[in-house]
Number of protein chains: 2
Amino acid sequence: MAPAPFPVAVGGANVAERAQLPPSLAISTVIFALKPAPDGRPTLWVPLVRRVREPYRGSWALPGGPLTASESLEDAARRNLAETTGLDPAYLEQLYAFGGLRRANRPDIGSQRVVSIVYWALVRAHETEFGGELGEERDNVAWHPAEPSHGGPAELAFDHREIVDYALWRLRNKIEYAQVAYHVLGEMFTLAQLREVHEAVLGRSLDPANFRRQLKGTADLEATEHYLEGGRHRPPRLYRYTGPRGL
Amino acid sequence: MAPAPFPVAVGGANVAERAQLPPSLAISTVIFALKPAPDGRPTLWVPLVRRVREPYRGSWALPGGPLTASESLEDAARRNLAETTGLDPAYLEQLYAFGGLRRANRPDIGSQRVVSIVYWALVRAHETEFGGELGEERDNVAWHPAEPSHGGPAELAFDHREIVDYALWRLRNKIEYAQVAYHVLGEMFTLAQLREVHEAVLGRSLDPANFRRQLKGTADLEATEHYLEGGRHRPPRLYRYTGPRGL
DNA sequence: ATCACTTAAAGTCATTTTGACTTTAACTAG
DNA sequence: CTAGTTAAAGTCAAAATGACTTTAAGTGAT
């Protein structure tokens, strides 16, 4: 039997039977990218997929799909993300497993239980192009500001608005103990670029001089002998992240 | 059909069929309690259950079991914990979903896939009594030091040793932004008791005066008009936690 | 009742860290 | 050569931290 399409219940079974089915497992991803908001300032955006079936037909939802028997959780997250958006982030991390009973528990689909394991990532600007193999589905994938206050959709399918809000909260706490921010940048970056990431995530501006001083205390940053030229000003030195990469 | 017993594969299906089964979902719990280690100093202990079936028959494992269709993830964690140990922690939090392919992937059980969602908690001393309804299973439940360096078992069933280590790591990071520690104490507690919890979790001693000063900066602590009497010294004031309780 | 003993709670002080700001350096565009 | 721009380093007062001292308030023994 093919896996049930996410996040709709298994077809065929009636409501009473569905209530007895074991919970099905799905994987979703929240991908954050740094793009200029409508007001011009760089903010966090997420890719969303428009639903073409009930429930929530026409609403925007997080990219996701089922977990198959032969792949790890992270592999499943990557595969679903590639299939729905063509994206391929360098860094993925598990966010949370959502399995409350009210999820997808609507009259029209019965009480089939769906547990979603959600992964999240921060991607670089050049990784935000949707894959070219999507065909006609291309129109149903788009980047949106992560927060309604920056122009993002106030309502998403299922409980996906709450999931994005939770991911934002985690991101803002996690950046305090760093590391996450580096994955949004390339191999080498200037301190100003790194500061821009921190400012977008935290939602406030940081003093350049103090930011520089504090990062010097962190041993995970290494100065290279390269400089970024081309600006109409003194060229900034490029740095490299030397800390841990995965969990 | 009854849910599959945790964490053994569904009986009846042969190995080839098992590989095609959708992943099954199980819930486990890591319960930390503060007890004196063999050396007398208070350290972290966890309740473990001895396995009575293959695989890992005779090894110690985390309490856990299957997720049924009609309960939330946290409810399932509570129910499984009560059934296997009789424990009922006041506070439970989700730790992580483990679903790597090597989990339980042994020749004798085929490649049935088990995804475990792990919850964790810190409990008070008076909550460490195992329930009285366990009967003959009582001998197969026991508290063990969480760390091998304090006398705990170096090897556990499945990947449970890694899970406990990860929970310890999360605990030591999380206590920095507090809150977790309060759940190990009662409604009211002295600053010395709170300091003992922090010391056990962090594994080092803290200066009483500085600890007091730093907590006064935290608004989540409220001094009561009660004092703990009975010691052969000046009675300490009792405090109350006023911060958030759940997620 | 007095005294030695113990821990609570507050205070002291030098050092470190932080936040706001200033100065100097090094490039580009005209 | 000059004005404009940002990089990078430096200054300084305020706040936080770590090690330590002093005083308070109970207990049990004499």
Side-chain angles (χ1 to χ4, degrees), chain A residues 34 36 40-42 172-173 175-178 181-182 185-241, chain B residues 34 36 40-42 172-173 175-178 181-182 185-241:
Chain A
L34 224 60
R41 297 169 52 82
R172 286 182 175 138
N173 282 276
I175 206 151
E176 301 295 343
Y177 52 97
Y182 295 110
L185 298 165
E187 168 70 11
M188 293 193 293
F189 47 85
T190 69
L191 291 184
Q193 290 170 337
L194 182 58
R195 181 166 48 84
E196 237 186 16
V197 175
H198 281 252
E199 287 177 339
V201 169
L202 296 177
R204 63 190 169 91
S205 56
L206 302 168
D207 183 278
N210 295 336
F211 184 76
R212 165 186 310 274
R213 182 180 54 193
Q214 277 169 340
L215 286 193
K216 288 219 171 149
T218 318
D220 290 343
L221 204 60
E222 184 184 79
T224 72
E225 287 311 308
H226 300 96
Y227 294 83
L228 181 66
E229 297 180 34
R232 50 171 56 184
H233 52 77
R234 169 174 174 178
R237 183 187 285 269
L238 290 168
Y239 289 80
R240 180 182 286 123
Y241 174 64
Chain B
L34 223 60
R41 297 170 52 83
R172 286 182 175 139
N173 282 277
I175 206 152
E176 301 294 343
Y177 51 97
Y182 295 111
L185 299 165
E187 167 71 10
M188 292 193 294
F189 46 85
T190 69
L191 291 184
Q193 290 169 338
L194 181 60
R195 181 167 48 84
E196 237 186 16
V197 175
H198 281 251
E199 287 177 340
V201 169
L202 296 176
R204 63 190 170 93
S205 55
L206 303 168
D207 182 278
N210 295 335
F211 183 76
R212 165 186 310 274
R213 182 180 53 193
Q214 276 170 339
L215 287 192
K216 288 217 171 151
T218 318
D220 290 343
L221 204 60
E222 185 184 79
T224 71
E225 287 311 308
H226 300 96
Y227 295 82
L228 181 66
E229 298 181 31
R232 49 172 55 182
H233 51 78
R234 172 174 171 178
R237 182 186 285 270
L238 290 168
Y239 289 81
R240 180 182 285 123
Y241 175 64

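Numbered from 1 within each chain, the chains take letters A, B, ... in sequence-line order. Just so it is clear, the structure is predicted and the values come from calculations on it, not from any experiment.
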How long is the line joining [atom1] of [X] and [atom2] of [N], in whole Å?
X	N	atom1	atom2	result
A:Y227	C:dA25	OH	P	15 Å
B:F211	C:dA8	CZ	C1'	14 Å
A:E229	C:dT28	CD	P	7 Å

4.5 Å side-chain heavy-atom contact, A:Y239 and A:E222:
no
Given that B:R195 and A:P235 both sit by DNA chain C, which one's nearest nucleotide is further toward the 5' end?
B:R195
What's the spacing between B:E225 CD and B:L238 CG if we round to 0.5 Å?
10.5 Å
Sort out for me which residue in A:Y182, A:F211, A:F189 forms a ring pair (Phe, Tyr, Trp, His ring centres under 6.0 Å) with A:H198.
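Looking at A:Y182, A:F211, A:F189, the match for A:H198 under the ring pair (Phe, Tyr, Trp, His ring centres under 6.0 Å) is A:F211.
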Identify the 5'-most and 3'-most nucleotides of DNA chain D with at least one atom closer than 4.0 Å to a non-hydrogen atom of chain A.
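The contact span of chain A on DNA chain D goes from D:dG4 to D:dT11.
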Got a sec, which residues hit side chain to side chain donor-acceptor pair (under 3.5 Å) with A:D220, two or more places apart in sequence or on another chain?
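Expected list: none.
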Classify [X] by what it touches in the nucleic acid, base, sugar-phosphate, or nothing, heavy-atom distance under 4.0 Å.
X	answer
A:A209	base
B:Q214	sugar-phosphate
A:R237	sugar-phosphate

Could a donor-acceptor pair under 3.5 angstrom be found where the side chain of A:R234 meets the base of C:dA25?
yes
Indicate yes or no: does B:E199 engage B:R204 in a salt bridge with an N to O separation below 4.0 Å.
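No, B:E199 and B:R204 are not salt-bridged.
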Given DNA chain D, 5'-ward residue of the pair A:P208 and B:N210, judged by closest heavy atom:
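By nearest-heavy-atom nucleotide position, the 5'-most residue is A:P208.
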Can you check side chain to side chain contact (heavy atoms under 4.5 Å, CB included) on B:H226 and B:R237, steps first, answer last?
CA-CA 6 Å; B:H226 300 96; B:R237 182 186 285 270; over 6 Å; no
